[in-house]
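Just the heavy atoms: all of them, side chains too, but no hydrogens, waters or symmetry mates, feed the values below. Everything numeric in this text was worked out from a predicted model, so none of it was measured.
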Amino acid sequence: MTDRVTVSVHEGVADVRLNRPDKLNALDMATFDALAETGDALAADASVRAVVLSGEGRAFCAGLDFSGFAAMAGDGVRTGESERTQRLLGDITEREPGRITNLGQQAVHVWRELPQPVIAAVHGHALGGGLQIALGADIRIVAPDAKLSVLEIRWGLVPDMTGTAALIRLVGEDVAKELTFTGRMVSGEDAARIGLATRVAADPRAAATDLAREIAGNSPDAVQSAKRLLNRAADHDLAGQFLEESRALGALRGSPNQVEAVRALSLIPLSEPTRP
């Protein structure tokens with residue numbers, strides 16, 4: 001693990017935080033690695049009964065780190081990267097060993113795979129890949145004024161970190177398509193109204209921690225069995241869905257229209273609404 005993600009455990013509750021506050025916790029390759037490794041470590045820790053996932057600073061996660069976007073736009077593999085990072089920057093249809101995901105997807109899916117319940121506490125921005133990380137949690141508690149968006153369409157891309165499967169489960173096909181086709185921002189209150197979030201709280205981390213403590217007080221065997229059963233009831237051929245995400249993104253990244261979308265987006269302030 002790196003300092004991209006911090007973890008502390010108290011009375012059975014793991015406090016996991018994205019830790020790039022100066023970058024609004026934007027996702028770089030080290031963060032993908034750290035998230036996947038953190039999830040694996042927590043899964044093996046029998047002392048952990050519930051997890052709170054949040055972001056340090058002013059945002060949960062603003063999405064992909066813009067400085068690393070050149071690789072996603074077609075510059076290819078950079079020297080000095082880890083083997084798993086090179087797989088993600090190269091052929092993104094290649095799966096992590098023994099997984100149904102690539103590294104970017106595993107940074108999200110690891111929270112759904114985790115035996116223990118995971119509660120995301122969302123404040124500030126949760127955009128693109130940042131929103132998809134929150135969607136990997138079992139429960140999302142959001143600040144009323146949080147800003148959430150399936151932002152990939154504005155980059156000429158598609159959600160590629162398990163988001164297509166999660167959106168359908170949470171908000172239904174029509175709302176999932178509206179959010180994905182438009183990339184519009186929704187507030188925390190609107191996210192709760194449409195099912196993208198579980199509920200709102202003025203202090204999402206405190207509310208998530210209280211809930212995690214309540215869950216941690218119940219039988220861990222029963223809680224983990226319940227999560228496993230509920231996941232199984234909701235999941236439909238995730239391996240195929242995740243591979244199709246990767247194929248779609250691989251065909252889009254670096255294409256003329258995608259490059260033009262990146263250029264156009266660079267001229268638009270992040271806070272500008274996407275529609276009246």
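Side-chain heavy atoms closer than 4.5 Å link hydrophobic residues (I, L, V, M, F, W, Y) into clusters, and following such links, possibly through other members, connects V171 to L131. A single hydrophobic cluster is not seen to contain both V52 and V48; linkage of ILVMFWY side chains at heavy-atom distances under 4.5 Å, directly or through other members, places them apart. Cluster membership for W155 and L249, using ILVMFWY side-chain heavy atoms within less than 4.5 angstrom, is shared. Linking ILVMFWY residues whenever their side-chain heavy atoms come closer than 4.5 Å, directly or via other members, leaves L167 and L243 in distinct clusters. Under the 4.5 Å side-chain contact rule for hydrophobic residues, V186 and L127 do not share a cluster.
Using a 3.5 Å distance cut-off with no hydrogens or angles, the side chains of R140 and T198 do not pair a donor with an acceptor. Between the side chains of N102 and S246, a donor-acceptor pair is found at a separation under 3.5 Å. Side-chain polar atoms of Q241 and T164 form a donor-acceptor pair below 3.5 angstrom. In this model, a donor atom of one side chain and an acceptor atom of the other lie less than 3.5 Å apart for E152 and Q132. Q116 and Q224 share no side-chain donor-acceptor pair at under 3.5 Å. Side chains of T101 and E96: a donor-acceptor N/O pair is absent below 3.5 angstrom, by distance only. Under 3.5 Å, the side chains of S255 and N257 contain no donor-acceptor pair of N or O atoms.
Here the side chains of Q105 and R95 are in contact, with some heavy-atom distance below 4.5 Å. Side-chain contact between I153 and T180 is absent, with no heavy atoms from C-beta onward closer than 4.5 Å. Within the 4.5 Å cutoff, side-chain heavy atoms of L24 are placed close to those of R58. Under the 4.5 Å side-chain criterion, counting only non-hydrogen atoms from C-beta, L211 is in contact with R199. Proximity of L42 to W111: side-chain heavy atoms (C-beta onward) are separated by under 4.5 Å at one or more points. The shortest side-chain heavy-atom distance between V51 and I119 does not fall under the 4.5 Å cut-off. Put simply, the side chain of L157 reaches to within 4.5 Å of the side chain of Q258, judged on heavy atoms. Inter-residue side-chain proximity for V122 and K147 is flagged as unmet; no heavy-atom pair is nearer than 4.5 Å.
Under the 4.0 Å criterion applied to side-chain N and carboxylate O atoms, R4 and D33 are not assigned as salt-bridge partners. Electrostatic pairing of R169 and D235 counts as a salt bridge here, judged by a charged N lying under 4.0 Å from a carboxylate O. With respect to the salt-bridge test (charged N to carboxylate O, under 4.0 angstrom), the residues K23 and D65 do not qualify. With respect to R193 and D190, a salt bridge is recorded, a charged nitrogen being found less than 4.0 Å from a carboxylate O. A salt bridge links D15 to R17: one of the charged nitrogens lies within less than 4.0 Å of a carboxylate oxygen. In this structure, R99 pairs ionically with D40, as a charged nitrogen and a carboxylate oxygen lie closer than 4.0 Å. Between R20 and E56 there is no salt bridge, since no side-chain nitrogen of the basic residue lies less than 4.0 Å from a carboxylate oxygen of the acidic one.
One N or O on the side chain of S149 and one on the backbone of G183 form a donor-acceptor pair closer than 3.5 Å. A distance-only check finds no donor-acceptor pair linking the side chain of E260 to the backbone of P256 [under 3.5 Å]. Checked by atom type and distance alone, the side chain of H123 pairs as donor or acceptor with a backbone atom of G57 at under 3.5 Å. A donor-acceptor pair under 3.5 Å links the side-chain atoms of N231 to the main chain of R112, judged by distance alone. Using a distance-only test at 3.5 Å, with no hydrogens or angles considered, no donor-acceptor pair links the side chain of R184 to the main chain of F181. Remark: the backbone N or O of T6 is not paired with any side-chain donor or acceptor of N19 at under 3.5 angstrom.
For the residue pair N25 and L18, the shortest heavy atom distance occurs at OD1-O, 3.2 Å. For the residue pair L114 and A43, the shortest heavy atom distance occurs at CD1-N, 3.4 Å. Residues C61 and L27 come closest through the heavy atom pair SG-CG, 3.6 Å. Smallest separation of non-hydrogen atoms from A201 and I141: CB-CG2, 3.7 Å. In this structure, G250 and I92 approach most closely via the heavy-atom pair N-CD1, 3.6 Å. When all heavy atoms of V150 and P159 are compared, the pair lying nearest together is CG1-CG, 3.5 Å.
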* To do: Test L35 against I133 for side chain to side chain contact (heavy atoms under 4.5 Å, CB included), laying out the working first.
  => CA-CA 9 Å; L35 285 167; I133 289 173; 3.6 Å; yes
* Start with the C-alpha distance between T93 and D91, add both sets of side-chain angles, then the distance that settles side-chain hydrogen bond (donor to acceptor under 3.5 Å, both in side chains), and finish with yes or no. => CA-CA 5 Å; T93 65; D91 181 5; 2.5 Å; yes
* Start with the C-alpha gap between E113 and Q106, add the side-chain angles, then the distance that decides, and say whether side chain to side chain contact (heavy atoms under 4.5 Å, CB included) holds. => CA-CA 9 Å; E113 287 184 319; Q106 188 58 25; 2.8 Å; yes
* Asked: Yes or no on side chain to side chain contact (heavy atoms under 4.5 Å, CB included) for F242 and V108, after CA distance, side-chain angles and deciding distance?
  -> CA-CA 11 Å; F242 296 166; V108 176; over 6 Å; no
* Full working for side chain to side chain contact (heavy atoms under 4.5 Å, CB included) between E178 and D174 -> CA-CA 6 Å; E178 181 201 5; D174 55 344; over 6 Å; no
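Expressed to the nearest 0.5 Å, how far CD1 of I100 lies from CG of D237 amounts to 8.5 Å. Of the inter-residue distances, the one linking R49 atom CZ with N218 atom CG reads 9.0 Å to the nearest 0.5 angstrom. A distance of 9.5 Å separates CD1 in I194 from CG in L170, rounded to the nearest 0.5 Å. One distance of note links CZ of R205 with CG of L53; it measures 10.0 Å at 0.5 Å rounding. One finds the CG atom of D138 at 3.5 Å from the NZ atom of K227 (value rounded to the nearest 0.5 Å).
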